[in-house]
Structures are given as structure tokens and as C-alpha cells.
Amino acid sequence: MAPFRNLPDATVLTDPDALEPYRHDESHVLGVLPLAVVRPRGPAALKELVRLAKAEGFALVPRGAGTGKAGGCLPTGQRAVVVDFSAWPGELRVSPQDLSLSAPASALLRDVKAAAAAQGFFYPPDPNSWESCALGGTLATNAGGPNACKYGMTRHWVLSVEALLEDGEIHTFGISSVKANAGPALGQLLIGSEGIFGFIVGATLRLTPMPREYTTLLLPVKRWQDLLDLPGRLCGAGYLPSAFEFFDPAVLSELRAHGPEEARRLPGEAMAILEFDERGCTSEPFLEGLLDLLGPVAEGLEVASDERQRQGIWAVRRMTSAFLKERHPKKVSEDIVVPRSRLGEFFAGLERLGIPSVSYGHLGDGNLHVNLLAAGETEPALLERQLMDLFRLSMSLGGTLSGEHGIGLAKRDAFLALSDPGQIQTLRAIKQALDPQGIFNPGKVI
Ligand code: 2HG
Ligand code: ZN
């Protein structure tokens, strides 16, 4: 491919067979075949790529490990070059003094978490793909996960970011300290921007001491509606779970009938997984108070007594997305949010609107994976209507159409149709200021 022949410090792929995988991520949408895939190994490659993109009029589409759920890293349009950051250099460095960790975008989240843990620290963001996703992707999409209900999302753990901007240079936003107030936090604008303003190549992350004890519970319930006010009731009683996950009756019975061994023995009409990680959470008084709260709704509650049991409980939760996908390959899964206080109204709304769906996910922060299992067999216009009804319902209750996966390609039309026009205008004005030629991931988000 002629324009890329002299690209310094990069690997360039142009063989169609090698390009094909770049049309996919973990979402249900499909990208086009890119012109090329470039794996930069240093700033010189990025500088030249930006120059070429402007001169030749092609788009640059960033990619980490391709585990995104919204199509944000998929090429679109006529001429797109995927910038695959998997070979981007850099070391993982923990600073106990600063309670921080710096890492390149290419680092796997698994390795980031392990490097922190090796020195007694915790980096909380834990999307389901944490063992295979790249840090850069988690920053670009502001990844969430079960721990978000106590610890917040990726953006709450970023001290500074290094990003490629449209001048072809890498700039640093923020410092290695939680206190930095010299003007608006421009780095935060890049977190969750899905690469439309520039590409994140590295970051310094905030750490916290590693929890030393966990209480992990499997909570089968007799009546699944009893779960819906439980996150709020726990918080009201001073219990803040580090994770509160749930499976509705339909998901639980699929798991029970066709899931792995550990899932087949699961009791109850529906089920939750609760975890606590604060100091003292394994003490008698803590557990007694908790069991007083949970007892009346539970049907045969189990407390993990060792790390192996804890991991067994989490294994069932972690495989749920892949399991449902395998059973219903054309399903569409959403990640809407409603405030915890409106969960009951949300499920009543789903029923009223006749949206044929099953749900599981992060009940503790109101972020639900609503799955339309029959999406593949549903007439496209009807499916579209069902999804828009779902998004409108979430928004009418003070929620949003994406809690953790982002907008990307998958939700772009809905985002544009349902958002406050002032918000879209603002985003477009920022895009125009930061990327006047529109080279960074066009056609995503806005
Ligand atoms: C999870 O929580 C992930 O398991 C994936 O966010 C959810 O497949 C999904 O929609
Ligand atoms: Zn999730």
C-alpha cells in the first residue's frame, strides 16, 4: 500500500485476510474492511500517520484488544486505517509513594491489576473482559464492571492521560496526584470519548490499598421482585457492597438448564451475587447484621468460605454473557442504567411496553444487561422500536442508554435521536475544535 511504505517504526498489514478480523469487536455490529491496519511502535509512526490521514483524506480508527461492546473500534466509511495499539511500547510502573501506576495503552488490564496487586494495591475497574482487554480500550470507553457500584468507573481512577492530538504530537493532561485544579480537566474529556477527539496512548492511574478480606454471598430469592429494592435498602443500612449482581428468573433458568456444572445446582426463582470488601466484613457482627437484612428474602443463602468458593461464584457470573451469546448468537444485549430507586418502575415498564427481554447484570448500580434474545428472528423495524422503547423508558426514569459499554456505532443513531440537542451540539463543537479535519474515528458517538 503506497502511502504506508515509508511509515517509520510500525508494522503495516494490508492483506485482506489479515484485515478481516478488524471488522469485528465483541458487539453485534460489523465494520467495513479497512484500507490497512497499522501497529505503531513509537511517536514517529503516529506523527506520520496523522500527516498522511490529513493529506490523503483517510480516517484513523483506534483499536486496543477489540473486546469493546459498542463497535467503537470498527472501521466505517470508504477509507479507514485501523491504528492497532497492541505493539505500543512502555512499562508498567507502580509508585507506592504517589499511590499510582503508569502504563501504556497496550498493557492488558489483567497485567495492570496484577502489577498493582503485587505491591499490595488495588486498581478497581473490572469489565467482564478484564483478562483480555487492553488498558487503552478501557480508557477510551470508560469501562465499568461489577466493582463500579462501590468504586466508580474507569474515569474515577485516572490521574493523567497521554494522548495523540491532531497536531500529530503526544500531549499529557493531568499530573500524578489526586489534587490538580489548574483549569478544566481536559484529560477527562478524552476518557470515554471513544477516540473521537484523539487517541490515548498511556495513562497514570490512581490506586488504593488492596482489600484484605471479602465476604461473597450467593443469594437465591423466593420472589425475584424482592431483589429490586435490596441495593437501596443495604445502602440505607450502611452496607456498601463492592459488587451486587443479579440474574432474573429467565437467565437463571437458562443457566440452570444449560450452563456449566456450578450453575446447575443454583436454587431460587432469581439470584444475586453480593460481595463486600471492607475491613471487618468477615466479622460476626457484620455478617449478623447483613443476614438480618437478607434473611427474609433469601432461599438458602450461601457464603463463600474460601477463595476457591469465591472464584466459583464469580465464574458463573463472568461466563453469563458468553453463555447467552452461544445459545442465542443473534441476540442483542444492552447496558442501560436506571437509578437504583427506580428499578421496580423499570421492570414494570418493560412489561407494560411488551419488550421481550431477559436481564442480568449490575443491579447494585442500576446498570442492567437487558437482552433481546430473539433479536435475530425479529423484523428489523420492530426490533428497532423495541430498542428505542427500552432506551426511552430508561431515560424517562432518569437513567441512560449506556452505563458502561459506550455509544460507538451500535448506539449512535439512538444517542443522536434521544439526547438533548444541546449536548450533541456541544460535542460537535468540541470535535470541530479538536479535530477540524475529522480524521479521528469519524462516524462514532456523534
Ligand atoms: C457483563 O457484565 C458485560 O457481563 C457484558 O458487561 C454484558 O454481554 C453483555 O452485554
Ligand atoms: Zn456489564
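Both ligands and their constituent atoms are indexed starting at 1 by order of listing.
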Task: Numbered atoms and elements of ligand 1 in range of His362, under 4.0 angstrom, heavy atoms - done: 2 (O)

Task: Atoms in ligand 1 flagged as close to Ser333, the criterion being non-hydrogen separation under 4.0 Å - done: 8 (O), 9 (C), 10 (O)

Min heavy-atom dist [X] to ligand 1 below 4.0 Å:
X      : result
Arg317 : yes
Arg318 : no
His405 : yes

Is the gap between the ring centers of [X] and [Y] under 6.0 Å?
X      : Y      : result
Phe197 : Phe440 : no
Trp224 : Phe347 : yes
Tyr239 : Phe286 : yes

TODO: Looking only at distances, please establish whether an N/O atom of ligand 1 is found under 3.5 Å from an N/O atom of Lys69.
DONE: yes

Open item on the list: Short of 2.8 Å from the Zn ion (ligand 2), name each protein N/O/S atom, waters not counted.
Closed with: His362 NE2, His369 NE2, Glu404 OE2

Whether the side chain of [X] engages the backbone of [Y] through a donor-acceptor N/O pair (distance < 3.5 Å, no angle test) should be reported.
X      : Y      : result
Ser394 : Leu401 : no
Glu299 : Pro267 : no
Arg79  : Ala59  : no

Task: Side chains of His258 and Glu326, donor plus acceptor under 3.5 Å - done: no

- [ ] Would you indicate whether the side-chain heavy atoms of Asp229 and Leu343 approach each other to under 4.5 Å?
- [x] no

Open item on the list: Checking contacts here: is it the side chain or the backbone of Tyr360 that comes within 4.0 Å of ligand 1, counting heavy atoms only? Could be both or neither.
Closed with: side chain

- [ ] Verify side-chain contact (heavy atoms from CB on, under 4.5 Å) between Val221 and Phe246, making sure each step is shown before the conclusion.
- [x] CA-CA 10 Å; Val221 290; Phe246 94 118; over 6 Å; no

Open item on the list: How far is atom 8 (O) of ligand 1 from the closest protein heavy atom, and which atom is that?
Closed with: Ser321 OG, 2.6 Å

Task: Reference residue Asp126; test salt bridge (Lys or Arg N to Asp or Glu O under 4.0 Å); the match among Arg318, Arg317, Lys113 - done: Arg318

